[in-house]
S.K.: 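Once you've had a glance at the structure underneath, I'll fire off some questions.
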2 protein chains.
Amino acid sequence: MSIASDLIRGHTDTIILAQLFKGDSYGYEINKAVQQLTDGQYELKEATMYTAFRRLESTHLIESYWGDEQTGARRRYYRITPNGRAAYRRLQGEWEVAKELIEKLIRIKE
Amino acid sequence: MSIASDLIRGHTDTIILAQLFKGDSYGYEINKAVQQLTDGQYELKEATMYTAFRRLESTHLIESYWGDEQTGARRRYYRITPNGRAAYRRLQGEWEVAKELIEKLIRIKE
DNA sequence: TTATATACATTGACAGGCGAGGTATATCGC
DNA sequence: GCGATATACCTCGCCTGTCAATGTATATAA
């Protein structure tokens with residue numbers, strides 16, 4: 001993990017929104033998806049993830065509801081809102097811009 | 001500015017090291033270079049930049065010395081150290097890795 | 001019955017970014 | 001001579017996001 005963790009800081013919200021864009025999900029599952037997508041190279045720390053859920057819900061970008069599992073631990077599902085979809089698209093655009101800026105700024109090829 | 005500022009967070013040290021890799025420079029000049037390289041789309045906030053200088057110097061990635069200007073405001077020049085060059089190369093590698101991870105995580109194309 | 005996996009959540013410390021404020025020198029227009 | 005602007009430095013204190021540590025509860029496998 002360690003490596004890149006600093007650099008992915010700031011993308012937590014976007015990562016969560018991107019997962020929820022594909023369909024409702026819950027914390028544990030989202031985190032597993034993140035690990036699977038990166039071949040275990042990255043994971044959302046639980047504290048970070050739940051902080052992000054609170055933040056995203058308080059700004060109405062996502063909504064939550066309890067699943068109706070008959071067995072096993074209870075799950076709090078999250079759903080992306082229309083505002084959340086708009087925010088996701090905006091964040092994706094910002095990433096494209098930021099990526100280009102960073103490329104320009106950290107290469108030594110004058 | 002605003003946009004992307006969050007996303008470039010974490011690259012401040014790399015940006016400064018990259019500029020110093022090209023040759024000794026001082027705060028004001030580095031910041032102008034950053035603005036010029038990004039066509040005014042990004043700038044290092046002074047407080048952020050000077051905080052970074054302190055951090056980089058305390059970890060021996062850069063060294064500083066006063067310029068001998070006969071006129072005008074005094075300038076504190078910075079020089080990258082061998083440690084700094086190594087750190088820069090490492091950070092650049094980490095960026096390549098992080099970039100790929102982010103791309104995988106924020107796109108909705110499953 | 002002990003360990004592991006699933007699943008949630010909070011607290012408190014830490015680090016980086018940055019607005020606001022401050023200092024000093026030089027030049028340009030009026 | 002005077003105010004504005006550019007150059008050039010610096011620090012304090014707040015804010016925000018990350019995350020280690022800790023805690024809860026259920027189900028299953030050894």
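Below, chains carry the letters A, B, ... as their sequence lines are ordered, and counting in each starts from 1.
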S.K.: Under 6.0 Å from the ring centre and within 45 degrees of the ring axis: does the NZ or CZ of Arg85(B) meet both conditions for the six-membered ring of Phe21(B)?
M.R.: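 Arg85(B) over Phe21(B) ring: yes.
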S.K.: Between dA5(C) atom P and Asn31(A) atom CG, what is the distance in whole Å?
M.R.: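 Whole-Å distance recorded here is 14 Å.
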S.K.: Are Arg90(A) and Tyr88(A) close enough that a side-chain donor and a side-chain acceptor fall under 3.5 Å?
M.R.: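 The answer is no; no qualifying pair exists.
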S.K.: Can you list every pair that meets salt bridge (Lys or Arg N to Asp or Glu O under 4.0 Å) and has a residue in residues 49-65 of chain B, with sequence neighbours left out?
M.R.: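 Residue pairs passing salt bridge (Lys or Arg N to Asp or Glu O under 4.0 Å), neighbours aside: Asp13(B)-Arg55(B), Glu63(B)-Arg79(B).
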S.K.: What's the spacing between Ile62(B) CD1 and Leu56(B) CG if we round to 0.5 Å?
M.R.: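 Those atoms lie 4.5 Å apart.
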S.K.: Using a 4.0 Å cut-off on protein heavy atoms (strictly under), produce a 5'-to-3' string for nucleotides 7-22 of chain D with B for base contact, S for backbone-only sugar-phosphate contact, and - for none.
M.R.: BSBBB-----BBBB--
S.K.: Is it true that Glu103(B) and Lys99(A) make a salt bridge, defined as a side-chain N closer than 4.0 Å to a carboxylate O?
M.R.: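 The answer is yes: the pair qualifies as a salt bridge.
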S.K.: In whole angstroms, how far is the C1' atom of dA15(C) from the CG atom of Leu7(A)?
M.R.: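 Those two atoms, CG and C1', are 14 Å apart.
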